[in-house]
2 protein chains.
Amino acid sequence: MEPYKLFDAEYKFACLIWDNEPINSTDLVKLSQTKLGWKKSTTYTVLRKLCERGILRNEGALVTAIIKKTDAQKYESQTVVEKSFNGSLPQFLTAFLGDKKLSEKEAEELKRIIEEATK
Amino acid sequence: MEPYKLFDAEYKFACLIWDNEPINSTDLVKLSQTKLGWKKSTTYTVLRKLCERGILRNEGALVTAIIKKTDAQKYESQTVVEKSFNGSLPQFLTAFLGDKKLSEKEAEELKRIIEEATK
DNA sequence: TCGACGGGTTTATTGAAATAAACCTAATTG
DNA sequence: CAATTAGGTTTATTTCAATAAACCCGTCGA
């Protein structure tokens with residue numbers, strides 16, 4: 001498995017941790033119950049797998065993230081561009097935008113992000 | 001199933017058709033063999049499923065696409081932005097670019113695509 | 001001192017994606 | 001006409017993501 005690959009359920013779960021870390025494991029069980037509808041055992045199963053894969057850590061019932069959300073997102077974004085868009089960001093953008101219209105403000109923000117990446 | 005959702009294997013297969021349509025089904029079997037390493041039955045199984053879902057058509061052994069590649073890509077791009085980036089294209093772009101540096105030319109191209117979506 | 005609770009592990013179950021073996025029938029060709 | 005080929009369908013198999021039931025063990029408060 002590639003280091004940062006998170007499956008759908010895993011990603012949602014990891015988001016709980018990124019948003020709440022450090023979090024006690026029992027509290028995480030409760031949070032998963034309310035936010036994801038998961039049973040205790042499900043939470044611990046997924047938690048252990050992500051720990052084994054070096055993505056999370058559970059030490060003394062305190063759960064934290066080892067990899068950052070931005071790194072997981074970076075992996076996810078690059079994977080989709082590679083797999084579905086031949087590695088081409090312009091192709092991705094073109095497809096995403098389609099006939100969608102952007103406001104001036106949105107366009108400015110995007111262009112600023114792009115500018116930023118040329119420096 | 002959402003109309004345009006293609007699983008990984010299905011997407012690769014559909015790409016063969018988008019790139020070669022109209023294509024005779026027997027030729028498609030050969031193409032899938034060489035490009036994807038698929039057996040004949042695999043090709044026909046996947047082909048039938050995509051036909052049932054209204055994505056491809058197989059009429060008189062002639063295979064064509066019903067939905068366009070750009071539409072499948074659009075769906076894919078929007079799905080990833082929703083699922084992993086909270087629906088925010090700026091967040092996606094930021095994550096994708098990371099520390100990557102763009103050349104002037106690449107930046108221009110991206111900005112042009114964005115400009116285009118404001119008209 | 002026992003029962004509830006915290007903090008887990010072990011072991012299943014289910015469902016679906018990915019792939020293919022085995023079979024079928026009609027047409028064609030040597 | 002016998003064998004091959006085209007063009008499929010039917011039925012499995014395998015793998016793995018997603019989810020959970022059932023169990024375990026130490027501790028702590030009543």
Side-chain angles (χ1 to χ4, degrees), chain A residues 1-17 20-65 72 75-76 79-80 83-84, chain B residues 1-17 20-65 72 75-76 79-80 83-84:
Chain A
M1 184 81 62
E2 306 91 1
Y4 297 163
K5 170 68 187 171
L6 296 182
F7 299 102
D8 288 20
E10 292 172 341
Y11 182 77
K12 285 184 208 155
F13 178 68
C15 282
L16 294 185
I17 289 135
N20 293 280
E21 65 174 336
I23 181 170
N24 163 271
S25 61
T26 297
D27 292 344
L28 181 58
V29 165
K30 285 176 196 143
L31 194 62
S32 301
Q33 167 61 52
T34 58
K35 298 279 188 177
L36 306 173
W38 287 8
K39 303 294 179 186
K40 183 179 81 154
S41 54
T42 303
T43 294
Y44 278 110
T45 300
V46 175
L47 175 58
R48 184 162 22 80
K49 286 195 172 188
L50 293 185
C51 288
E52 282 164 8
R53 280 159 43 200
I55 290 163
L56 301 178
R57 172 167 26 217
N58 181 10
E59 264 177 21
L62 197 67
V63 178
T64 50
Y75 176 84
E76 197 57 38
T79 299
V80 73
K83 275 198 338 195
S84 295
Chain B
M1 182 82 64
E2 307 90 0
Y4 297 163
K5 170 68 188 167
L6 294 181
F7 299 102
D8 288 19
E10 292 173 342
Y11 182 78
K12 287 184 206 154
F13 178 69
C15 281
L16 295 184
I17 289 134
N20 293 280
E21 66 175 334
I23 182 171
N24 163 272
S25 61
T26 297
D27 293 343
L28 180 58
V29 165
K30 286 176 194 142
L31 195 62
S32 301
Q33 167 62 52
T34 59
K35 299 277 188 180
L36 306 175
W38 286 9
K39 303 292 179 188
K40 184 179 79 156
S41 52
T42 304
T43 295
Y44 278 112
T45 300
V46 176
L47 175 58
R48 185 162 21 81
K49 286 195 173 187
L50 293 185
C51 288
E52 282 164 11
R53 280 159 44 200
I55 289 163
L56 302 177
R57 171 164 30 213
N58 181 10
E59 262 177 22
L62 198 67
V63 178
T64 50
Y75 176 83
E76 197 57 36
T79 299
V80 73
K83 273 198 337 194
S84 295

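In this text, all values refer to a predicted model and were calculated from it rather than measured experimentally. Chain letters run A, B, ... following the sequence lines, proteins first and then strands; every chain starts at 1.
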Exercise. Counting just side-chain N and O atoms, does B:Arg48 come under 4.0 Å of either OP1 or OP2 of D:dT9?
Worked result: yes
Problem set entry | Distance, rounded to the nearest Å, where B:Leu47 contributes CG and C:dA18 contributes P | 16 Å
Problem set entry | Spacing between A:Ile23 atom CD1 and C:dG6 atom P, to the nearest angstrom | 14 Å
Problem set entry | Residue whose nearest DNA chain C nucleotide is more 5′ - A:Asn24 or B:Val46 | A:Asn24
For this session: For the residue pair B:Leu16 and B:Leu36, establish whether any side-chain heavy-atom pair is separated by less than 4.5 Å.
Result: yes
Problem set entry | A:Ser25 side chain near C:dG8 phosphate (N/O to OP1/OP2, under 4.0 Å) | yes
For this session: Figure out the CG/P separation between B:Leu36 and C:dA20, and round it to whole Å.
Result: 10 Å
Seminar exercise, completed: Atom CG of A:Leu50 and atom P of D:dA17 are separated, to the nearest Å, by 11 Å
Exercise. Whole Å only: how far is the CG atom of B:Leu31 from the P atom of D:dA6?
Worked result: 15 Å
Exercise. Looking only at heavy atoms, what is the nearest atom pair of B:Trp38 and B:Gln33, with distance?
Worked result: O-OE1, 3.0 Å
For this session: Could you check which of C:dG6, D:dA17, C:dA18 has an atom nearest any side-chain atom of A:Thr26?
Result: C:dG6
For this session: Give the rounded distance in Å between these two atoms: NZ of B:Lys49 and P of C:dA16.
Result: 10 Å
Problem set entry | Length of the line joining B:Arg53:CZ and C:dA16:P, which is rounded to integer Å | 12 Å
Exercise. Just wondering, do B:Leu6 and B:Leu50 contact through their side chains at under 4.5 Å, heavy atoms?
Worked result: yes
Exercise. Reckon B:Gly60 touches a base, only the sugar-phosphate, or nothing at all at heavy-atom distances under 4.0 Å?
Worked result: nothing
Exercise. From D:dG8, C:dA18, D:dA22, pick the nucleotide closest to the side chain of B:Ala9?
Worked result: C:dA18
Exercise. From C:dA20, C:dG6, C:dA18, pick the nucleotide closest to the side chain of B:Lys39?
Worked result: C:dA20
Seminar exercise, completed: Whole-Å distance, A:Gln33 CD to D:dA20 P, equals 9 Å
Exercise. Does a distance-only test, which skips hydrogens and angles, find a donor-acceptor pair under 3.5 Å between the side chain of A:Thr45 and the base of D:dA20?
Worked result: yes
Exercise. Of all the nucleotides listed (D:dA21, D:dC23, C:dT19), which has the minimum atom distance to the side chain of A:Lys40?
Worked result: D:dC23
For this session: Report yes or no: does A:Arg53 contribute a side-chain atom to a donor-acceptor pair with the main-chain N or O of A:Lys5 at less than 3.5 Å?
Result: yes
Exercise. Given C:dA18, C:dA22, C:dG7, which nucleotide is nearest the side-chain atoms of A:Tyr44?
Worked result: C:dG7
Seminar exercise, completed: Smallest heavy-atom separation, A:Ile17 atom then A:Ala65 atom, equals CG2-N, 4.1 Å
Problem set entry | Phosphate contact (C:dA20 OP1 or OP2) by B:Thr42 side-chain N/O below 4.0 Å | yes
